[in-house]
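This report concerns only the one structure given below.
All residue numbers in this chain count up from 1 along the given sequence. Just so you know, these numbers come straight off a predicted model, no measurement behind them. What you see below is based on every heavy atom in this structure, not just the backbone, and it leaves out hydrogens, waters and symmetry mates. Both counts, for ligands and for their atoms, begin at 1 and track the order of listing.
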Amino acid sequence: MIRADVYNLKGTYKMIEIKNLYKSYEQLEVLNDISFNIDKGDIFGIIGQSGAGKSTLLRCLNGLETFQKGEVIVDHQPISSLNKKELSYIQKEMGMIFQNFNLLNRLNVYDNIALPLKFWKQNPKSEENKKRIDELLKLVGLEDKSQAYPRQLSGGQKQRVAIARALVLNPKILLCDEATSALDPQITRDILNLLQKINKELDITIVVVTHQMEVIKQICNKVAFLKDGHVLSVGKPEDLFVGPDKEIQKFIGDDIEILPTTGKNIKLFFTNNNAKSHTITDLARTLNIDFDICQGKLENFRGSMLGSLIINVELADYPAVQQYLNDHQIGWEEIG
Ligand SMILES: Nc1ncnc2c1ncn2[C@@H]1O[C@H](COP(=O)(O)OP(=O)(O)O)[C@@H](O)[C@H]1O
Ligand SMILES: [Mg+2]
C-alpha cells in the first residue's frame, strides 16, 4: 500500500527519508543533523573525504548501525521503531556491496550468490532459485564462472559476484560502500555501467558511497556532499561540482592557477542551463571586445559537458561583461 504523503510534489516516491539524523561514538560526533531524501529510481551519491561519516551513514540506512537522534524512514517505515523481525524484513529489501567484496573463499560463485537464500531458509538448488541465480549470472556477465572460486577471479569479477549476491533476494535498494575504490579505472567504468543497467532494468534505487568524483559524475543523478558528519550540500552533481562552493572546489582539487594581475578575472560556470549556447564567442561578438582565456575545465556528467572557465577582461569592459552574463543567466564570480 502506498500512502499519498510519501509522494513529493513532482509525484516521485520517497524511498529513503533521513531526518535530522545524529550519531556519536561516545564523545565523537560522527553524524550531525543529516537530512535528505532519496527518491525511488535515484542513483544517489554520498561523497566526502575519508572519515566524513559516509560508511556510518550508509549503515544507519539499513539498520546495521543504530543512532541517537532523528529518524531513517525506508519505504515509509521508520527504522528505529521496528522490532528485530521487522528490521530483518526491511534489510531483505536492501542489498549491499563493499570495497573488498566480502566473498567466502571456500564457496564457489554459485554458492556465494546463494548465501542470502540460505539465510532465509530457502533451498538454493530449487528450480526457482536456480533460475534466479542463472539470470543474475547472466546479468553480471559471469554465466561461465558459476563453478569458479573467488581466488580464480579478478577484482572486477569478484565485485560482479557480490552484486549478484546482493540482488538475489530481489531488493528494492542497493547500497554500495566504495564499491569501485579497489578497482582500476576501466573496470570501475564497467562496474558503474552495470550499476546503471541494474538501476534502469530492475528499477532498483541505488545509494553510492564514494570518495571518487568520477563515480558521481558517471552515474549519479543526485549527490550529498558530506564533511565532518554534516551535509554541506545536496543536489544534482553538475550543479554542486560546477558551482562556486569553496569547500567542494577544495575537495575536488579545483585549485586556481596564477592569474593575471591586471584587468578583472571572471570565472564562468557552464551548467546544463547554458552549456549549449556559444557563450564565449557570442560574448566577444556581442560586446565587440577581446579577452584572454586563463584557465578552464570541462567535464563529462552523464553525457553533458559542463565546467568552468576563467577569463580576464579589461577593466573598461567589466561592467558590460557583468551585464551580459546576468542577462544570459550565466553563473559567474569575480576571482580576486
Ligand atoms: N565503531 C566505531 N567506533 C568509534 N569510532 C568510529 C567507529 N566507526 C567509525 N568511527 C569513526 O567515525 C568517523 C566516520 O567514519 P566512517 O563513517 O567510516 O567515515 P567514511 O566512511 O566517510 O570514511 C571516523 O572518525 C571514524 O574513526
Ligand atoms: Mg567508509
Side-chain angles (χ1 to χ4, degrees), residues 16-38 42-74 79-80 84 87 91 94-103 155-156 158-159 162-163 165-166 173-185 187-188 191-192 195 205-220 222-235 237 240-241 245-254:
I16 301 176
E17 295 171 72
I18 304 166
K19 292 186 169 172
N20 307 106
L21 190 66
Y22 175 94
K23 176 171 180 76
S24 64
Y25 292 108
E26 294 173 12
Q27 302 309 314
L28 182 70
E29 278 185 357
V30 180
L31 302 174
N32 200 343
D33 203 21
I34 306 251
S35 299
F36 59 84
N37 297 329
I38 298 172
D42 275 348
I43 302 186
F44 195 107
I46 300 173
I47 192 167
Q49 264 151 356
S50 176
K54 306 179 298 292
S55 296
T56 307
L57 176 57
L58 199 67
R59 291 162 58 84
C60 285
L61 302 187
N62 66 353
L64 287 180
E65 205 69 82
T66 56
F67 44 85
Q68 286 93 352
K69 284 185 232 163
E71 190 55 279
V72 173
I73 303 170
V74 178
I79 286 278
S80 67
K84 228 176 152 189
L87 184 64
Q91 285 170 339
M94 296 198 260
M96 193 162 180
I97 59 172
F98 306 89
Q99 176 168 1
N100 56 2
F101 326 121
N102 288 8
L103 301 180
K158 284 182 197 168
Q159 195 56 292
I163 290 170
R165 181 184 55 189
I173 301 167
L174 179 62
L175 306 177
C176 311
D177 193 351
E178 302 282 4
T180 56
S181 297
L183 305 173
D184 67 46
I187 305 298
T188 293
I191 293 291
L192 294 178
L195 292 179
T205 305
I206 300 185
V207 186
V208 176
V209 155
T210 183
H211 68 277
Q212 298 172 301
M213 260 293 286
E214 289 308 308
V215 171
I216 304 289
K217 273 163 46 186
Q218 197 182 323
I219 62 169
C220 295
K222 290 246 201 68
V223 60
F225 183 87
L226 214 63
K227 183 168 192 264
D228 300 334
H230 294 270
V231 174
L232 284 191
S233 217
V234 186
L240 237 66
F241 293 123
D245 188 300
K246 291 285 173 288
E247 286 286 355
I248 295 172
Q249 286 184 7
K250 205 165 96 192
F251 173 76
I252 58 181
D254 212 359

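Within the 3.5 Å criterion, the main-chain N or O of Phe44 finds no donor-acceptor partner in the side chain of Asp42. Judged purely by atom type and a 3.5 angstrom limit, Gln218 has no side-chain atom pairing as donor or acceptor with the backbone of Leu192. Checked by atom type and distance alone, the side chain of Ser233 never pairs as donor or acceptor with a backbone atom of Phe225 at under 3.5 Å. Remark: the backbone N or O of Thr56 is not paired with any side-chain donor or acceptor of Glu65 at under 3.5 angstrom. Under the 3.5 Å distance criterion, the side-chain polar atoms of Glu17 are left unmatched by any main-chain donor or acceptor of Val74.
When distances from atom 26 (C) of ligand 1 to the protein are checked, no heavy atom turns up under 4.0 Å. There is a protein heavy atom less than 4.0 angstrom from atom 5 (N) of ligand 1.
Checking only distances, Gly53 does come within under 3.5 Å of ligand 1, N or O to N or O. For ligand 1, the polar-atom distance check finds an N/O of Gly51 within less than 3.5 Å of one of the ligand's N/O atoms. Here's the thing with Leu28: none of its N/O atoms is less than 3.5 angstrom from an N/O atom of ligand 1.
The shortest contact between atom 18 (O) of ligand 1 and any protein heavy atom is with Ser55 CB, 3.8 Å. Looking only at protein heavy atoms, the nearest one to atom 9 (C) of ligand 1 is Tyr25 CE1, 3.5 Å.
Judged by distance alone, the side chains of His211 and Glu178 do bring a donor and an acceptor atom under 3.5 Å apart. For the 3.5 Å distance criterion, the side chains of Glu214 and Thr188 fail to qualify, holding no donor opposite an acceptor.
Residue contacts with ligand 1 include Gln49, since one of its heavy atoms falls under 4.0 Å from the ligand.
Taking every heavy atom of Thr56 and a limit of under 4.0 angstrom, the matching atoms of ligand 1 come to 15 (O), 16 (P), 17 (O). Residue-ligand proximity, Val30 to ligand 1, at heavy-atom distances under 4.0 Å covers atoms 12 (O), 13 (C), 14 (C).
Among the backbone and side-chain atoms of Ser55, an N, O or S atom lies under 2.8 Å from the Mg ion (ligand 2).
Both cation-pi conditions hold for Lys23 and Tyr25: the charged atom is under 6.0 angstrom from the six-membered ring centre and inside a 45 degree cone around its axis.
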